[in-house]
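What follows is one structure encoded as structure tokens, with my remarks underneath.
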There are 2 protein chains.
Amino acid sequence: MQKTQVTIKHIAQALNISISTVSRALQNHPRIGLRTKEKVFEMAQRLNYVPNPAAILLKKNKTFTIGVVLPHLQEEFFSQAITAIEDVISAENYNVVVSQSRDKLERENRAIKSFISSRVDGVIASISAETTQYYQFRELERYGIPIVFFDRAPKDVPVNKVRGNIADAAFEVIDFLANKGIKKVAILNGPASLEISDERLMGYWGAMKKFNLPIIQNYIKSTDLSKEDTTKKMIELLNGEELPEAVFCFNDYVALYAMQACKQKGLVPNKDIMFVSFANLPITTYLDNPPLASVEQFAYQMGEKAAQLLLKIIHAEKETLEPEDIVVNTKLIIH
Amino acid sequence: MQKTQVTIKHIAQALNISISTVSRALQNHPRIGLRTKEKVFEMAQRLNYVPNPAAILLKKNKTFTIGVVLPHLQEEFFSQAITAIEDVISAENYNVVVSQSRDKLERENRAIKSFISSRVDGVIASISAETTQYYQFRELERYGIPIVFFDRAPKDVPVNKVRGNIADAAFEVIDFLANKGIKKVAILNGPASLEISDERLMGYWGAMKKFNLPIIQNYIKSTDLSKEDTTKKMIELLNGEELPEAVFCFNDYVALYAMQACKQKGLVPNKDIMFVSFANLPITTYLDNPPLASVEQFAYQMGEKAAQLLLKIIHAEKETLEPEDIVVNTKLIIH
DNA sequence: CTGTTAGCGCTTTCAA
DNA sequence: TTGAAAGCGCTAACAG
């Protein structure tokens, strides 16, 4: 099937010059005659020469590839981030390999293994809902592969990361609800292993206190982000002593599942119970009664910063730099 | 940053044997002593040896990578297909590189270029809404890279493809509506450059005739799949002489956009006007008034077949085989 | 069963 | 400004 490929050797022969001259000409080496360069480029074109990446990689011991693991490409939040990463990375002639963990630890680990064996030059990660340990990422360190986390970073480990100012956003959400006279606010949070869950809780807690709203233990739930568990927790809220007036959800999926649980109980979401969440699905705007407000996280910007940081680390030839913690501002969007 | 990597040479030295023995042992070559093999594997483990893919590729002149271009990973249909492709392909130790065209010809071309320069062993493609020419894919042929299309294939060119029995499904849809006593059915079809648009139209046409339903020229619209154009076409339908009773949409996105246009005109979708479409977004089930029915296309199965076909072609060392056309059955789901 | 050797396509000293 | 030659890590004849 494969045609024999055109190599610099062919170009050299056709032009009756040495392969090193061809190689240099193709790289725009300064010490090559302008006429020679022209001839080489012309011939390369004519022969449909395409450089063999494997040979270059082998020689340079670099793959010009970065690996990205994240939970779901289907979430607008992540797909926007990946677009940004691709834009930044490809401008520097790097390639991107994306892998979805689907919130499974096992898939995340497999992706990391594959990144190691394909020898990527760096990794950008947003950890799965199941990930509680930093363990697996140590393996990357072992091979000297730098990592930058975005949005979902492991807790209690100093790492390079880019994240939204979640706690402030959560505070703002409660502020917004309080201003509307809503007092009883429940929270359907994400797994405790995620730092961004803690931050949501902190913001919630801080604001509830500040505005003298009642903090009810039963109003604080956390889910593993699956539909089943989210539904279960929402039903617990609905069956509780006092129905909350609003539910602050970890993200749009959680909100969607929770809203459906509501409907099944005969309540109209965003009329009988208000929902507010972190935006990652533009599709919620197609609902008949969309959530009152949501937090925009500027995924593109976050992806951009993460990619830039990673490139910076890759280019810095020195040993590990101080981990950076970049915070991107969020914005409360009132619908 | 990079640690110096462990090579088979290191293993050979540590064990005081030749590198070819190590290479063979690692490949489980039959003519290598069991004891030697064991020693080699042990040492490889101990030194954290990871084979350098670049060297293997260079040697074998194969990348064990296949490229996939498709419109949007966010559509459930495509993301399921990609999962299937990954499953099949990785079972044979191939890797997958995915690229989204976002329905832009230019992005599709860029992806193809990048597939060529990274020398993928094969390509699976579902063309963009803007693609009208087979032209760009010829470039792949030139380099002997086999292609399999799935779902969206170019028209009027004999190619390897996997597709649903769209025309039959479209027929079934009209049949279903006719049975409910619905006579005036409009169609919001995709761009004419896609074979799957033609097939939808054929099925529609055939059924409308068969059931003696009126075929009104103004009821037949096609959109470029963008929100703007779809909205425009839907508004034309709504402003026409006679309101259709049902609209048969190219896919769920088209349905979503069209339904929103409805709402803006004060009509309740799926009560005042029925919608039916090809399923690619499970999210539509969260709508208050979801579409009556939709066509399930078994994306996973389609992806699976496409991947299997591609592998078959890659493994068949001969010159181009006869193009295959694999049809996967669809199913009408009543909600 | 194992070792020697050539070479995949390219970059890069070193020498001219 | 160009060429010769070594070598990146691995595989695979060929030769024992």
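Every chain is numbered from 1, with letters handed out A, B, ... down the list of sequences.
The base of C:dT2 does not come close enough to the side chain of B:Ser20 for any donor and acceptor atom to sit less than 3.5 Å apart. Taking 3.5 Å as the limit, the base of D:dG9 and the side chain of B:Lys59 contain no donor-acceptor pair of atoms between them.
Ionic pairing of A:Glu42 and A:Lys39 is not present here: no N-O contact between side-chain nitrogen and carboxylate oxygen is shorter than 4.0 angstrom. Between B:Glu38 and B:Arg35 there is no salt bridge, since no side-chain nitrogen of the basic residue lies less than 4.0 Å from a carboxylate oxygen of the acidic one.
Spacing between atom CG of A:Leu26 and atom C1' of C:dG9 amounts to 12 Å, rounded to whole angstrom units. Taking atom OH on B:Tyr49 and atom P on D:dC10, their separation rounds to 4 Å, with Å as the unit. Per the geometry, CD1 belonging to A:Ile19 stands 11 Å off P belonging to D:dA5, to the nearest Å. Rounding to whole angstrom units, CG of residue A:Asn28 and C1' of C:dT11 are separated by 15 Å. Atom CZ in A:Arg35 sits about 14 Å away from atom C1' in D:dT1, given to the nearest Å. If you measure from atom CD1 of B:Ile32 to atom P of D:dT11, you get 12 Å, rounded to the nearest angstrom. B:His29 has its NE2 atom 10 Å from the P atom of D:dA13, to the nearest Å. Computed from coordinates, the A:Leu47 CG to C:dG9 P distance equals 15 Å when rounded to whole Å.
In the set C:dG9, D:dG3, C:dG3, D:dG3 carries the atom at the smallest distance from any side-chain atom of A:Ile17. Nearest nucleotide to the side chain of A:Leu58, out of C:dT11, C:dG9, D:dT11: C:dG9. Listed nucleotides: D:dT2, C:dG9, D:dC10. Nearest to the side chain of A:Asn52: C:dG9. When distances are taken from the side chain of B:Thr21 to each of C:dT2, C:dG9, D:dC10, the shortest belongs to C:dT2. The B:Ile56 side chain lies nearest to D:dT11 when the options are D:dT11, C:dC8, D:dC14. You'll find that the side chain of B:Arg24 is closest to C:dG3, out of C:dG3, D:dT2, D:dC10.
A:Thr7 comes within 4.0 angstrom of sugar-phosphate atoms only, judged by non-hydrogen atoms across all strands, and of no base.
Side-chain contact annotation: A:Asp156 with A:Tyr134, donor-acceptor N/O pair under 3.5 Å absent. Under the 3.5 Å distance criterion, with hydrogens and angles disregarded, no donor-acceptor pair is assigned to the side chains of A:Thr131 and A:Arg152.
Residue B:Asn16 is the one, among B:Ala55 and B:Asn16, whose nearest nucleotide of DNA chain C lies closer to the 5' end (criterion: closest heavy atom).
Taking only side-chain nitrogens and oxygens, A:Gln27 never comes nearer than 4.0 Å to OP1 or OP2 of C:dC10. Here A:Ser23 reaches the OP1 or OP2 of C:dT11: one of its side-chain N or O atoms lies under 4.0 Å away.
A cation-pi arrangement is absent between A:Lys37 and A:Phe41 under the rule of less than 6.0 angstrom and at most 45 degrees off the ring axis.
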